[in-house]
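Here's the structure we're looking at; comments come further down.
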Amino acid sequence: MKKQRQEERNLLANVLDNCKKLHFTGIGGISMSTIAVLAKFRGFEVSGSDRSYSETAASLEKQGIKVTVGHFAESADDCDALIYTAAVDETNPELARAIERGIPLVSRAAFLGYLMRDYRNRIGVSGTHGKTTTTALISHILMEANLDPTVANGAVLPEIGGAYRIGSKDYFVYESCEYKDSFLCFDPSLAVITNIELDHTDYFPSIEAIIDSFATAVADASIVVANIDNSNVLEALKGYGGMVVGVSLGNSRADYYASNLRYEYGCGRYTFCHKGEKLCEISLPVIGSFNVYNSLCAAAVAHMCGISPEVISSAAATFVGAKRRFECRARIGGIAVYDDYAHHPSEISATLDGASRLGYKKIYCVFQPHTYSRTHDLLDDFKTAFSMADTVIFADIYAARETDTKGVSSKLLADDIGQKYFPSFEEIAKYLAETVHSGDLVITMGAGDVYKIGNILVDMLKEKYTI
């Protein structure tokens with residue numbers, strides 16, 4: 001399998017090395033816009049299209065990338081290869097024209113795998129949860145150590161003003177997504193696994209299938225930094241032939257571990273240890289035990305890159321997180337409004353647990369389930385995930401790539417756990433504006449557009465408190 005994947009990568013490289021013009025169908029997405037810029041930096045002539053104009057499109061145009069609004073067959077006429085996202089298929093007119101003309105089609109993941117061949121140290125961060133934050137923190141520490149990393153992440157990082165950073169060819173830090181086996185296209189020299197749980201049930205039929213996929217994804221890496229507290233991670237590494245570097249929340253037999261772990265206002269504080277040696281104190285400005293795991297993985301990678309404990313400690317203390325990861329949107333009239341990307345039951349539970357440590361009087365959680373398949377297949381876990389919230393309000397399921405064939409709905413879920421459901425964003429925001437008081441926390445959660453409810457609420461609160 002390893003030899004076959006290497007041969008496939010070499011064949012793709014031979015094709016792309018002879019291309020000059022690339023067209024990106026769906027260029028407005030975070031991941032696609034990132035690799036489009038990296039492609040232009042590498043010397044390709046780049047164009048792209050998306051269904052609507054956005055801030056991302058405007059940013060790309062400022063960098064000399066032509067963006068067309070809408071998908072038209074003629075957009076593929078003048079390219080040597082077409083790069084596409086998993087969200088489009090052969091019914092897309094650009095893909096159809098490329099197929100008709102024999103133009104090579106390259107998936108987003110395969111193209112990212114091609115780009116990373118140029119980099120000496122390729123650090124790929126995978127996991128069901130935490131990969132975006134861990135990628136961001138590794139990047140932050142490497143930047144603080146003046147190692148000038150190139151970064152490709154799945155969310156906007158405030159400190160670099162986007163999801164990517166073009167740095168030197170020494171370090172390439174990237175988020176390695178498991179959905180549809182995308183990460184099998186990548187070639188990490190050092191792989192990270194934060195955790196493995198059942199998710200993406202529209203693609204993976206079982207937890208065993210996910211474990212096998214992770215095992216394949218890291219097989220070529222020389223080193224794997226892994227959360228050994230997670231039994232599924234251990235299962236995935238059973239046949240791995242390289243060096244496993246284990247991290248743990250409290251197991252002193254791990255290579256790297258946290259001792260004297262405590263929480264202040266929901267944020268982890270601990271002593272970062274390596275094989276019995278105390279390296280430094282880490283004080284995180286982000287909440288939750290899940291971020292302790294993320295920081296352990298990031299600190300272990302940084303230490304293995306030769307970064308001093310002092311720099312690791314100071315960098316961790318100044319980490320601002322990634323956009324939509326427990327992001328404070330506003331504080332108005334003593335009411336805090338936050339937004340978070342959590343969409344899996346484990347993520348929801350962990351985020352609410354961290355929020356419960358912050359000292360607010362009441363927690364109002366607004367949740368928008370993401371995809372019918374995930375909601376249906378993890379329904380029992382969703383029913384117990386919100387125990388740390390005082391009030392839960394459900395918005396309609398964000399369908400994303402799916403149609404409703406599961407017979408599940410947000411209203412049914414709300415009724416099952418005795419919570420609330422409103423059919424529109426405006427009704428949810430109105431209920432909150434009339435109900436919450438000073439000292440309360442509102443958090444919008446989900447991988448869709450639930451953040452818009454927070455925007456509406458903030459406007460209502462500004463009017464209410466005449467700000």
Side-chain angles (χ1 to χ4, degrees), residues 25-26 28-32 51 83-92 95 105 107-110 112-113 125-132 154-155 175-186 193-217 230 232-233 235-236 324 340-351 367-386 394-414 416 445-451:
T25 299
I30 285 181
S31 296
M32 282 287 275
R51 59 186 178 184
I83 319 300
Y84 66 95
T85 71
V88 299
D89 57 28
E90 294 179 3
T91 63
N92 181 283
L95 266 70
L105 298 177
S107 71
R108 177 202 64 82
L112 178 57
V125 183
S126 65
T128 307
H129 323 296
K131 52 186 172 284
T132 299
E175 180 176 332
S176 186
C177 181
E178 73 276 15
Y179 183 57
K180 290 194 173 180
D181 285 327
S182 293
F183 57 4
L184 300 189
C185 296
F186 306 151
I193 307 179
T194 59
N195 47 65
I196 301 174
E197 287 193 69
L198 180 62
D199 198 10
H200 301 300
T201 55
D202 59 324
Y203 180 76
F204 292 109
S206 65
I207 185 63
E208 289 78 18
I210 296 176
I211 290 170
D212 288 345
S213 186
F214 272 89
T216 303
N230 184 282
N232 292 328
V233 172
E235 186 68 24
R324 298 214 62 211
D340 194 83
Y341 194 71
H343 54 284
H344 185 282
S346 295
E347 296 169 338
I348 295 163
S349 179
T351 300
F367 181 63
Q368 179 189 49
H370 189 261
T371 72
Y372 297 103
S373 58
R374 180 184 285 115
T375 307
H376 176 271
D377 296 341
L378 303 180
L379 187 61
D380 288 342
D381 294 324
F382 276 116
K383 289 178 181 179
T384 60
F386 300 93
F394 289 89
D396 282 324
I397 295 171
Y398 189 84
R401 52 195 172 263
E402 296 181 345
T403 56
D404 183 7
T405 61
K406 298 290 186 178
V408 67
S409 71
S410 290
K411 187 178 188 310
L412 287 173
L413 181 54
D416 277 350
M445 277 190 183
D449 58 356
V450 66
Y451 63 89

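Keep in mind the model is a prediction, meaning the values are calculated, not measured.
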Query raised in the report: Just by distance, do the side chain of Gln368 and the backbone of Gly446 share a donor-acceptor pair under 3.5 Å?
Result: no
Query raised in the report: Taking the side chain from Asp181 and the backbone from Leu184, do they hold a donor-acceptor pair closer than 3.5 Å?
Result: no
Requested in this report: Quick one: closest heavy-atom pair of Ile397 and Val408, and the distance?
Outcome: CD1-O, 3.8 Å
Query - Mutual orientation of the aromatic rings belonging to His200 and Tyr179 [parallel < 30°, tilted 30-60°, perpendicular > 60°] - result: tilted
Query raised in the report: Strictly by modelled atom types, are Glu402 and Ser373 linked by a side-chain donor-acceptor pair under 3.5 Å?
Result: yes
Query - Under 3.5 Å donor-acceptor, Thr375 side chain and Thr371 backbone - result: yes
Query raised in the report: Using the benzene-type ring in the case of Trp, are the ring centres of Phe386 and Phe394 under 6.0 Å apart?
Result: yes
Query - Donor-acceptor contact below 3.5 Å, side chain Thr25 vs main chain Tyr84 - result: no
Requested in this report: Would you name the heavy atoms of Ala342 and Ile348 that are closest together and state the gap between them?
Outcome: CB-N, 3.9 Å
Query - Asp202, Thr201, Asp199 screened by side chain to side chain donor-acceptor pair (under 3.5 Å) with Arg374, the one that passes - result: Asp199
Report task. Kindly say whether Asp381 contributes a backbone atom to a donor-acceptor pair with the side chain of Thr384 at under 3.5 angstrom? Result -> yes
**Report entry** Side-chain donor or acceptor of Asn195 paired with backbone N/O of Thr128 under 3.5 Å
**Finding:** yes
Query - Parallel, tilted or perpendicular: rings of His370 and Tyr398 (30°, 60°) - result: parallel
Report task. Give a yes or no answer on whether the side chain of Ser349 reaches the backbone of Pro345 with a donor-acceptor pair at less than 3.5 Å. Result -> no
Query raised in the report: Within the distance-only criterion (no hydrogens, no angle test), does the side chain of Thr194 pair as donor or acceptor with the backbone N or O of His129 below 3.5 angstrom?
Result: yes
Query raised in the report: Would Arg108 and Ser182 satisfy side chain to side chain contact (heavy atoms under 4.5 Å, CB included), going step by step from the backbone distance to the final call?
Result: CA-CA 8 Å; Arg108 177 202 64 82; Ser182 293; 3.9 Å; yes
Query raised in the report: Asn230 and Ile196: side chain to side chain contact (heavy atoms under 4.5 Å, CB included), yes or no, with the steps?
Result: CA-CA 7 Å; Asn230 184 282; Ile196 301 174; 4.3 Å; yes
Requested in this report: Kindly say whether Tyr341 contributes a backbone atom to a donor-acceptor pair with the side chain of His343 at under 3.5 angstrom?
Outcome: yes
